[in-house]
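Only this structure's heavy atoms are used, side chains among them; waters, hydrogens and symmetry mates stay out. Residue numbering restarts at 1 for every chain, and letters A, B, ... go by the order of the sequence lines. These figures come from a predicted structure and were not determined experimentally.
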Amino acid sequence: MFMPTIFIFRHLSMFHFGAEAGSMLRFMLTGRWKRGSMSETESSNEYREQRLANLAALQMLGYPPYGRAFERSGSLSELRAAFEEGRTVKAAGRLATVRDMGKSIFADLRDGSDRFQLYVQMKTLGEEAFKAFNLLDLGDHIGIEGELFTTRTGEATIKITRWTLLSKALLPPPEKWHGLKDVEMRYRQRYLDLIGNPEVRELFNKRFAMIREIRQYLADRGFMEVETPMLQAQAGGAAAKPFVTHYGALGSDVYMRIAPELYLKRLLVGGFDKVFELNRNFRNEGLDRTHNPEFTMLEIYEAFSDVTGMHELIQGMITHVAQSVFGSLVIGEGETALDLTPPWREVTYHALVKEKMGEGWFDLPLTDACAQAEALGLSLDPGWDLLMVTHEVYEKTIEPSLIQPTFVTRLPANLVPLARTCSDDPSLVDVFELVIRGQEVAPAYTEMNDPIEQRQRFLDQVGDDASKLDIDFITALEHGMPPAGGMGVGIDRLMMILSGAEAIRDVILFPQLKRKAD
RNA sequence: GGGCCGUUAGCUCAGUCGGUAGAGCAGCGCACUUUUAAUGCGCGGGUCGUCGGUUCAAGUCCGACACGGCCUACCA
């Protein structure tokens with residue numbers, strides 16, 4: 001269903017068109033006749049000046065520089081899919097390349113879906129509209145009407161009969177062949193990265209597809225998506241440093257959340273049995289290859305389930321996403337290829353440590369254990385006990401070596417204050433950490449629902465500072481939280497793994513960077 | 001926070017032993033009605049990240065700073 005598009009083509013006969021008009025307007029605007037007469041201090045604006053002159057010239061010729069809605073026959077990829085020799089179509093997009101042949105021009109139009117070649121012929125278009133076309137610059141958005149045909153070299157092309165200006169670009173697009181390489185500019189001006197580097201746009205298309213599939217996967221299994229506070233009076237649910245901000249109306253400081261966990265559990269108390277939240281967390285920590293201060297986290301809670309239920313859920317979810325979005329369960333090639341074919345390896349924390357350090361590790365005297373750890377090149381703190389030394393060994397040498405997906409289970413209780421202990425061993429908790437490519441992707445727990453024990457664990461963690469205790473959360477538990485499985489999934493890291501990205505900045509559109517000095 | 005590397009035209013990059021700056025793309029001009037990294041001829045474009053130092057002379061050597069990258073540290 002298409003509304004007829006109204007093209008307004010006004011013709012001003014008092015001007016000769018094209019370059020002459022451009023020069024005349026440039027003179028009128030700047031008082032200078034030739035570019036060469038401009039001082040070198042204006043050099044950084046040379047492109048802008050040139051384009052402003054072209055804009056003014058186009059405007060005088062009846063082409064308003066910033067148009068409104070333009071009815072298209074379809075996106076460029078839709079036009080390509082429905083190609084039919086001789087059909088009249090309307091299309092819109094950004095002028096990507098121009099090959100000027102004199103009395104005819106080939107140009108590439110690009111939109112969010114594809115590129116499409118335009119053939120601009122003086123004979124077809126008429127001399128005035130043709131000359132006005134010459135005032136366009138790379139990066140301008142135009143709307144066109146024309147006829148589909150195939151060139152001598154076999155390329156689907158639109159021979160345009162009319163065109164209109166939709167948006168004049170005052171600054172040039174990135175270099176057409178090499179694309180935009182400057183890493184800083186790629187992140188700070190991501191739009192230029194997206195214009196110049198099609199593979200970047202494709203990666204973010206896939207990120208959207210991945211998130212859409214995850215939401216659908218969970219919705220299909222009866223999970224409800226919720227939003228809980230990002231501004232919190234106490235930043236709980238994880239042990240990270242929060243960002244502090246000030247709430248003027250309340251006259252008090254509030255924290256950006258570091259995790260939604262404590263609110264999602266309140267919802268379990270309230271009777272929502274299957275909930276998830278997929279949104280941003282904020283942690284006031286350093287920046288590196290795998291850390292951005294704001295990152296996207298998926299947290300899932302399921303009443304009457306436990307860590308085993310989470311195991312099934314995450315394995316199913318990731319393999320589904322890999323297959324449907326990335327088309328394969330094998331990521332990468334050769335030695336470093338990742339094979340996501342289920343079932344994934346499941347191994348206890350203790351077994352992994354023994355595998356690395358020997359069967360007798362947990363019976364070693366502390367000094368012997370420290371000696372062995374230091375022999376691996378680890379630097380230890382003198383105050384550490386065997387559990388802490390063990391965990392250092394795990395984090396620094398074992399976890400990074402787990403390339404293929406691995407569920408590490410039954411972690412020491414002191415590492416995980418919000419999880420329930422194993423029924424056969426109170427020193428361990430009923431959890432797993434899913435590790436892929438040496439990175440912790442998803443921790444899951446059988447959640448602690450005993451308010452008395454929860455209060456004690458919090459107190460153990462924060463010391464005597466009762467002000468850091470989330471009393472309201474404890475109160476919620478006292479109203480009775482059903483036994484539950486819970487899980488967190490780092491969406492950015494999952495995206496890195498599935499797309500093969502080396503840095504978290506490559507999967508976040510606008511990653512945090514240092515502020516530019518003024 | 002520490003170490004190493006980088007910053008040259010709008011973009012992508014060269015720049016030798018310290019001797020006053022180069023290419024491709026983009027831009028401007030001319031030619032060209034089936035090209036596609038169009039082509040050919042011509043032209044313009046630089047505070048060599050910033051500040052200071054050494055030197056007759058600094059893009060080049062030295063120091064500080066800014067920003068970026070990698071490593072490391074911190075980090076549920």
Side-chain angles (χ1 to χ4, degrees), chain A residues 18-20 22-23 26 34-51 53-54 96-108 115-125 130 134 137-139 149-157 159 170-189 192 195-197 236-241 258-259 261 281 283-291 293 297 379 391 395-396 399 411 414-419 431 433 440 442-443 445 461 488 490 502-503 505 513-518:
Chain A
E20 231 174 308
S23 297
R26 195 175 310 138
K34 296 188 72 129
R35 305 223 44 74
S37 65
M38 290 195 176
S39 71
E40 55 276 12
T41 56
E42 294 175 76
S43 61
S44 61
N45 286 324
E46 184 186 341
Y47 287 80
R48 203 161 172 277
E49 297 275 348
Q50 178 60 42
R51 283 162 180 261
N54 288 341
T97 61
V98 172
R99 295 175 289 283
D100 187 347
M101 310 288 296
K103 292 193 173 64
S104 72
I105 300 170
F106 285 94
D108 285 338
R115 59 167 278 282
F116 212 102
Q117 180 164 269
L118 305 180
Y119 183 51
V120 188
Q121 199 180 29
M122 186 187 272
K123 193 179 74 186
T124 317
L125 201 53
F130 184 81
N134 273 304
D137 293 296
L138 295 187
F149 78 108
T150 307
T151 62
R152 187 188 293 169
T153 52
E155 175 157 357
T157 302
K159 182 188 287 185
L170 300 182
L171 293 169
E175 208 259 2
K176 69 180 177 188
W177 185 242
H178 297 93
L180 184 65
K181 290 281 172 54
D182 185 294
V183 180
E184 185 179 354
M185 205 180 293
R186 284 189 49 217
Y187 296 142
R188 286 194 199 277
Q189 293 178 272
L192 295 179
I195 292 168
N197 302 319
K241 193 188 294 181
I258 55 175
E261 174 158 355
N281 285 348
R283 297 187 181 179
N284 205 339
E285 295 166 356
L287 294 160
D288 66 27
R289 203 173 57 81
T290 58
H291 291 82
M297 184 80 156
S379 55
H391 199 59
E395 282 203 321
K396 290 289 155 59
E399 193 176 79
L411 270 66
N414 62 324
L415 296 174
V416 192
L418 290 161
V431 305
E433 281 185 357
E440 190 187 318
Y445 313 157
Q461 199 183 25
E502 290 298 323
R505 286 176 174 181
L513 297 175
K514 268 195 214 173
R515 193 167 300 181
K516 275 278 201 196
D518 292 325

- Task: Would you indicate what Phe116(A) reaches in the nucleic acid, counting non-hydrogen atoms under 4.0 angstrom: base, sugar-phosphate, or nothing?
- Result: nothing

- Between rC56(B) and rC25(B), how far apart are the P atoms? Round to whole Å, please. 43 Å

- Say you draw a straight line from CD of Gln189(A) to CG of Leu180(A); how long is it, rounded to the nearest 0.5 Å? 8.0 Å

- Query: Looking at rG27(B), rA76(B), rC67(B), which one has an atom nearest to any side-chain atom of Glu184(A)?
  - Reply: rC67(B)

- Task: Go ahead and name the base partner of rU35(B); Watson-Crick or wobble counts if both distances stay under 3.5 Å, otherwise write none.
- Result: none

- Look through every strand shown and name the nucleotide pairing with rG27(B) as Watson-Crick or G-U wobble, where both distances are under 3.5 Å. rC43(B)

- Which is true for Glu155(A) with a 4.0 Å heavy-atom rule: it touches a base, it touches only sugar-phosphate, or it touches nothing? base

- Message: On the side chain of Ser104(A), is there an atom forming a donor-acceptor pair with the base of rU34(B) - under 3.5 Å, no angle test?
- Response: no

- Message: Would you measure the distance from the C1' atom in rG27(B) across to the matching atom in rA64(B) and give it in whole Å?
- Response: 38 Å

- Task: Give Gly179(A) one of three labels, base, sugar-phosphate or nothing, depending on what nucleic acid heavy atoms sit under 4.0 Å from its own.
- Result: sugar-phosphate

- Note on the structure: Sorted by position of nearest nucleotide on RNA chain B, 5' first, the leading residue of Ala239(A) and Ala503(A) is Ala503(A)

- Message: Is it the case that the base of rC75(B) and the side chain of His291(A) share a donor-acceptor contact (distance under 3.5 Å, atom types as modelled)?
- Response: yes

- Query: Which part of the nucleic acid, if any, lies within reach of Asp108(A) when heavy atoms closer than 4.0 Å are counted: base, sugar-phosphate only, or nothing?
  - Reply: nothing

- Query: To the nearest angstrom, how far is Asn197(A) atom CG from rC11(B) atom P?
  - Reply: 14 Å

- Message: Distance check, C1' atoms only: rA26(B) and rA37(B), in whole angstrom units.
- Response: 12 Å

- Message: Applying the Watson-Crick and G-U wobble criteria at under 3.5 Å, what pairs with rC4(B)? Answer none if nothing qualifies.
- Response: rG69(B)

- Query: Can you check whether Lys181(A) has a side-chain N or O nearer than 4.0 Å to OP1 or OP2 of rC11(B)?
  - Reply: no

- Counting side-chain heavy atoms from C-beta on, which of rU12(B), rA38(B), rC32(B) comes nearest to Leu180(A)? rU12(B)

- Note on the structure: Using Watson-Crick geometry (N1-N3 plus N6-O4 or O6-N4) or G-U wobble (N1-O2, O6-N3), each under 3.5 Å, rC61(B) is paired with rG53(B)

- Message: Taking syn as a glycosidic torsion within 90° of 0 and anything else as anti, which one is rC61(B)?
- Response: anti

- Which nucleotide in the list rU35(B), rA26(B), rG68(B) gets nearest to the side chain of Val183(A)? rG68(B)

- Task: Return the nearest nucleotide to the side chain of Leu513(A); candidates are rG68(B), rU35(B), rG24(B).
- Result: rG68(B)

- Sequence neighbours excluded, which residues qualify as salt bridge (Lys or Arg N to Asp or Glu O under 4.0 Å) partners of Arg115(A)? Asp108(A), Glu155(A)

- Message: Does Phe130(A) reach a base, just sugar-phosphate, or nothing at all? Heavy atoms under 4.0 Å.
- Response: nothing

- Query: Among the nucleotides rA38(B), rU33(B), rC32(B), which one has an atom lying closest to any side-chain atom of Lys176(A)?
  - Reply: rA38(B)

- Looking at residues at least two apart in the chain, or sitting in another chain, which of them share a salt bridge (Lys or Arg N to Asp or Glu O under 4.0 Å) with Asp137(A)? Lys168(A)

- Could you check if a side-chain atom of Leu171(A) sits within less than 4.5 angstrom of a side-chain atom of Arg48(A), using non-hydrogen atoms only? yes

- Write down the partner of rC13(B) under the Watson-Crick or G-U wobble criteria, each distance required to be under 3.5 Å. rG22(B)

- Using atom P of each nucleotide, how far apart are rG59(B) and rC71(B) to the nearest Å? 34 Å

- Message: Any base atoms under 4.0 Å from Lys123(A), or only sugar-phosphate, or nothing? Heavy atoms, all strands.
- Response: base

- Task: Please tell me which of the listed nucleotides, rC11(B), rG68(B), rU35(B), lies nearest to the side chain of Met101(A)?
- Result: rU35(B)

- Note on the structure: Winner on side-chain proximity to Met185(A), out of rC11(B), rC28(B), rU12(B), is rC11(B)

- Please assess Val98(A) against Phe106(A) for the test side chain to side chain contact (heavy atoms under 4.5 Å, CB included), listing each intermediate value before the final yes or no. CA-CA 6 Å; Val98(A) 172; Phe106(A) 285 94; over 6 Å; no

- Please determine, for the side chain of Asn54(A), which listed nucleotide (rC28(B), rA38(B), rA76(B)) has the closest atom? rC28(B)

- Message: With side chain to side chain contact (heavy atoms under 4.5 Å, CB included) as the criterion, how do Glu399(A) and Glu433(A) come out once you've worked through the C-alpha distance, each side chain's angles and the decisive distance to 0.1 Å?
- Response: CA-CA 10 Å; Glu399(A) 193 176 79; Glu433(A) 281 185 357; 3.6 Å; yes

- Message: Using heavy-atom distances to pick each residue's nearest nucleotide on RNA chain B, tell me which of Ala107(A) and Asp288(A) is more 5'.
- Response: Ala107(A)

- Cation-pi check, Lys159(A) onto Tyr119(A) ring (under 6.0 Å, within 45° of axis): no

- Message: Any donor-acceptor pair, under 3.5 Å, between the side chain of Arg152(A) and the base of rU34(B), if you only look at N and O atoms?
- Response: no

- Could you check how far CZ of Arg51(A) sits from P of rG27(B), rounded to whole Å? 7 Å

